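Please read all numbers here as calculations on a predicted model, not as lab measurements. Counting convention: from 1, in listed order, for ligands and their atoms alike.
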Amino acid sequence: MKLISVVVPCYNEQEVLPMFYEEITKISAQMKEEHSELEFEYLFINDGSKDKTLEIFRELADKDKRVRYISFSRNFGKESGMYAGLKNAKGDFVVVMDADLQHPPAFLPQMYNYVKDGEYDCATTRRVNRKGESKVRSWFAMKFYKIMNKISQTEIVDGAQDFRFMTRQMVDSILEMSEYNRFSKGIFSWVGYKVKYMPYENVERPAGTSSWSFWGLFKYSLEGIMAFSTAPLAIALILGIISGAASLVLYILAIVSACAGWIYTSLFVIIATVLLIGAFQLVCTGVLGMYLGKTYMESKRRPIYIASETDEIWRSRRSGSGT
Ligand code: UDP
Ligand code: MG
């Protein structure tokens with residue numbers, strides 16, 4: 001018997017959830033027909049949704065015993081949702097996928113084929129285009145991957161996604177990384193293992209809206225850079241050397257200009273220098289501050305998520321009340 005856990009982080013997904021459930025159960029049945037050893041569990045995470053997502057989970061849990069869920073006490077972000085899912089999944093294999101069908105369940109049979117015999121430890125999709133995305137967003141994404149791969153030892157494949165079919169061994173390795181500032185794209189890559197990238201064309205959401213704003217994505221990319229690279233810390237050093245050299249040149253210039261009697265020129269030069277050095281110092285302090293902030297958050301050792309309800313609590317409450 002082989003158990004596959006399907007982990008699905010959900011934030012305000014009432015519109016697509018029924019569609020998703022229908023799709024995933026259809027694919028599961030198909031896979032079971034082909035491989036009789038397979039069993040499934042669906043582990044939904046409610047990331048503090050404000051709509052009827054939790055109610056839908058309860059309904060699904062009532063009618064299908066394969067459905068499990070964890071409901072957070074508030075919105076903790078998709079990273080926390082994925083972590084909670086991986087931590088609580090019981091499967092020999094774990095799939096992480098979005099609820100919005102942008103990660104098509106139709107990929108699962110093929111993913112299982114790659115992973116089942118140990119040929120690969122992980123099968124994942126890789127977007128070959130960014131259809132349905134704004135030009136500006138694509139441009140920033142492209143730049144992000146370029147910079148990230150230059151300054152970090154952890155390679156992050158452009159277009160790689162959080163749609164992952166993994167072995168238990170890989171999941172356990174990921175869980176060993178219990179850091180608070182989580183950047184999954186980096187974590188998935190950092191743990192290594194043999195990964196199969198399956199190219200696919202981007203699909204748009206059938207319903208609901210994406211919860212990522214441009215600013216949100218920008219902050220997330222900074223998070224990624226800071227979680228997997230300390231290169232920005234070197235900016236301080238480089239700027240220090242440059243400004244030191246520049247001020248040396250300006251001192252010489254000031255002496256020369258004083259000798260030649262260009263009083264005003266040297267004044268301008270001095271003001272410019274002061275401003276420049278001030279700017280450099282602010283940049284350096286800023287960079288240091290950002291890392292210090294992250295270290296501060298890590299040192300608190302806060303839980304990555306807090307669950308306020310699970311399918312077990314719900315089921316026992318229901319059976320307790322005699323319904
Ligand atoms: N999600 C989540 N918590 C959040 C934001 C999103 O669990 O705070 C889930 C969301 O329900 C979906 C997945 O993460 O299943 C991807 O989100 P979305 O479709 O909004 O992102 P996009 O596909 O636009 O990158
Ligand atoms: Mg989506």
Quick check: does Asp100 have an N/O/S atom under 2.8 Å of the Mg ion (ligand 2)? yes

Determine, stepwise, if the pair Tyr145 / Lys185 fulfils side-chain contact (heavy atoms from CB on, under 4.5 Å). CA-CA 11 Å; Tyr145 286 109; Lys185 284 188 169 66; 3.4 Å; yes

Answer yes if Val96 and Val157 sit in the same cluster of Ile, Leu, Val, Met, Phe, Trp and Tyr residues linked by side chain heavy atoms under 4.5 Å apart, and no otherwise. no

Atom 25 (O) of ligand 1: the protein heavy-atom neighbour that sits closest, reported with distance to 0.1 Å: Trp212 CD1, 3.4 Å

Find out whether the Lys NZ or Arg CZ of Arg74 is both under 6.0 angstrom from the six-membered ring centre of Phe72 and within 45° of the ring's axis. no

Below 4.0 Å, non-hydrogen atoms only: which portion of Lys78 touches ligand 1? Side chain, backbone, both or neither. both

Can you tell me which portion of Val8 lies within the under-4.0 Å heavy-atom range of ligand 1? Options are side chain, backbone, both, or neither. neither

Could you identify the single nearest non-hydrogen protein atom to atom 23 (O) of ligand 1 and state the distance to 0.1 Å? Gln102 OE1, 2.7 Å

Note: Asp47, heavy atoms under 4.0 Å from ligand 1, region reported as side chain

Does Gly81 have a heavy atom less than 4.0 Å from any atom of ligand 1? no

Using a 4.0 Å cut-off to any heavy atom of Asn75, which atoms of ligand 1 qualify? 4 (C), 8 (O)

What protein heavy atom sits nearest atom 19 (O) of ligand 1, and how far off is it? Asp100 OD2, 2.6 Å

